[in-house]
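A short worksheet on the structure shown next.
Worth saying up front: this structure is predicted, and the values here are computed from it rather than measured. Residue numbers run from 1 in the order of the sequence given.
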Amino acid sequence: MSTDPSPPSDSALRDLDLRVPPFPRTLPSVLELLHEPGFTDPEDLTEIVQHDPAATARLLKQINSAYYGLRRSISDVGRAIRMMGTTTAAGSVVSLGMLRMDELADGPVEACFHRFIRHSEATGFLASSLLGPLSPDDDAPASDSGSDITQGKGFAEGLLHDFGKLVLFYNYPEKAAALYEEKRFAEHLQDTDPRKLERFVFGCDHGQAGAYAALELNFPQTLIDVIRHHHPPHSETGDAPRRVLRAVRAANLAAKAMGRPLAGVAPTAEPIDWAACADRPVWRHWNPAPEAEGPPPDLMDRLRGKKEMVMLFTDFFVGTSDEGEPDRPFGEPLAAQEA
């Protein structure tokens, strides 16, 4: 059986009649803050969060968890945001928007949903780590300081790169479970390209579904571009900086190479090991040698060594680390070279 439906155009995408998941009204405002140059003012985020009781409760729970090991309980959300860091707190609010999808957590896509969340958090962490803390000018050389990993660019883009899969879970839970969990369609169809399989089953792939929903939710345009174009061979045109888009693509591959439970969900069962990951063309942008085709010799080893860190980070965001007091999983950034 053929799986060669052509991808819909932007106008045709609107005819798919996709339902947009019921995210909190605060989400677009928080995402807009994350994309403001030099976003550091906790007062702006506090003004938004204090009108969202669930977000307030989540931030207070996190700041008072064993993860931070505070001696005194914090009850003021503004103080919690200042102590966590504005971007970390904003990322937690965005994560909450996805975790609120209770009907997905308890339905046929439950297993897919939880792996999707882990992969999204891991990709956000790794994208920001690969970029490092950048100056406002994207052409400036990246710093290699050890600052909080979520303070750099790329965290929100990595976190939401697979947003379209969440939209597909929400609209087609039974079909999504059959495609991503049971791999039912891959056994009977000739084409193994994941996006073509998605278009065959749903009428659109997850990049298109995510871009459509992100547009409806008034996400920043740079984020919409990353959601739609985070898989090659899509071009690097649009509002999203090339460096950010490349970092998301590379982080997505690295998270998959880390294996379960960080690898996410896909229509096919083909795993990506570290050797296959290193062979992807995107890594040449991290190599200072102009003619190099692959990553620097030590980059894959450094990424592989971050798996425990990434696991701790995803534990923090999904709320499963309250019993212990792990070290904060924010390490040395892996700064990329500008192509």
Side-chain angles (χ1 to χ4, degrees), residues 20-36 39-42 44-63 77 80-81 84-102 104-105 113-114 116-129 131 148-167 169-170 206 210-211 213-227 230 240 244 247-248 251-252 255 264 310 313-319 330:
V20 177
F23 288 100
R25 288 178 295 176
T26 54
L27 184 60
S29 299
V30 173
L31 289 172
E32 197 67 50
L33 283 180
L34 278 168
H35 284 80
E36 286 184 2
F39 164 55
T40 57
D41 187 357
D44 292 338
L45 182 60
T46 302
E47 178 63 26
I48 295 171
V49 169
Q50 66 185 1
H51 299 294
D52 187 335
T56 296
R58 176 178 175 83
L59 293 180
L60 291 177
K61 178 182 178 181
Q62 287 181 326
I63 197 64
V77 71
I81 290 171
M84 293 174 72
T86 50
T87 310
T88 301
S92 184
V93 174
V94 175
S95 299
L96 175 62
M98 295 189 290
L99 289 168
R100 281 180 178 176
M101 304 292 291
D102 294 337
L104 297 182
F113 176 71
H114 289 296
F116 160 82
I117 294 292
R118 286 276 189 182
H119 176 73
S120 298
E121 303 289 358
T123 305
F125 177 97
L126 292 167
S128 190
S129 181
L131 285 166
D148 183 332
I149 211 69
T150 60
Q151 295 298 327
K153 289 185 178 181
F155 179 67
E157 288 86 353
L159 181 67
L160 290 168
H161 75 288
D162 270 346
F163 180 63
K165 288 183 179 176
L166 189 64
V167 177
F169 294 168
Y170 181 68
H206 71 273
L215 189 63
E216 292 294 309
L217 289 167
N218 295 315
F219 282 13
Q221 186 60 47
T222 55
L223 184 54
I224 295 172
D225 289 342
V226 169
I227 289 171
H230 67 275
V244 173
V248 171
N252 181 40
V310 176
F313 184 80
T314 61
D315 282 348
F316 170 70
F317 274 104
V318 299
F330 300 133

Non-hydrogen atoms of Pro28 and Leu217 that approach each other most closely: CG-O, 3.1 Å
Donor-acceptor pair, distance only, cut-off 3.5 Å: does the side chain of Ser128 make one with the backbone of Gly124? no
Quick check: closest heavy atoms across Ala122 and Val310, and the distance to 0.1 Å? CB-CG1, 3.5 Å
Decide yes or no for Pro21 and Phe169: does some side-chain heavy atom of the first lie under 4.5 Å from some side-chain heavy atom of the second? no
Would you say the side chain of Arg118 lies within less than 4.5 Å of the side chain of Asp315, judging by non-hydrogen atoms? yes
Leu160/Leu31 under side chain to side chain contact (heavy atoms under 4.5 Å, CB included): CA gap, chis, key distance, verdict: CA-CA 10 Å; Leu160 290 168; Leu31 289 172; 3.6 Å; yes
Least distance between heavy atoms, Gly154 atom then Val244 atom: CA-CG1, 4.3 Å
To the closest 0.5 Å, what do you measure between CG (Leu126) and CG (Leu131)? 11.0 Å
Dump the intermediate steps for side-chain hydrogen bond (donor to acceptor under 3.5 Å, both in side chains) on His119 and His161, then the final yes or no. CA-CA 10 Å; His119 176 73; His161 75 288; 3.3 Å; yes
Can you tell me how far the CD atom of Glu121 sits from the CZ atom of Phe116, to the nearest 0.5 Å? 9.0 Å
Whether the side chain of Thr46 engages the backbone of Pro42 through a donor-acceptor N/O pair (distance < 3.5 Å, no angle test) should be reported. yes
How far apart are the C-alpha atoms of Phe113 and Leu166, what are their side-chain angles, what is the distance that settles it, and do they pass the side chain to side chain contact (heavy atoms under 4.5 Å, CB included) test? CA-CA 8 Å; Phe113 176 71; Leu166 189 64; 3.7 Å; yes
List for me each residue that meets side-chain contact (heavy atoms from CB on, under 4.5 Å) alongside Ala55, sequence neighbours excluded, and say none if there are none. Val49, Asp52, Val93, Leu96
Return the minimal non-hydrogen interatomic distance between Ile48 and Val30, and the atom names on each side. CG2-CG2, 3.9 Å
In terms of the angle between their ring planes, are Phe163 and Phe219 parallel, tilted or perpendicular, with boundaries placed at 30° and 60°? tilted
How long is the gap from OG1 on Thr222 to CD on Glu157, to the nearest 0.5 Å? 5.5 Å
Is there a side chain to side chain contact (heavy atoms under 4.5 Å, CB included) between Leu45 and Gln50? Walk through the geometry before answering. CA-CA 9 Å; Leu45 182 60; Gln50 66 185 1; over 6 Å; no
Exercise: identify the closest heavy-atom pair between Gly91 and Leu159: O-CD2, 4.0 Å
Once side-chain hydrogen bond (donor to acceptor under 3.5 Å, both in side chains) is applied, do any residues pair with His51, and if so which ones, sequence neighbours excluded? Glu47
If you define the side chain from C-beta out and look only at heavy atoms, does anything of Ile81 sit under 4.5 Å from Thr86? yes
Which distance, rounded to the nearest 0.5 Å, do you find between the NZ of Lys165 and the CD1 of Ile227? 13.0 Å
Could you pull out the closest heavy-atom pair between Ala89 and Met84, with the gap in Å? CA-CE, 4.3 Å
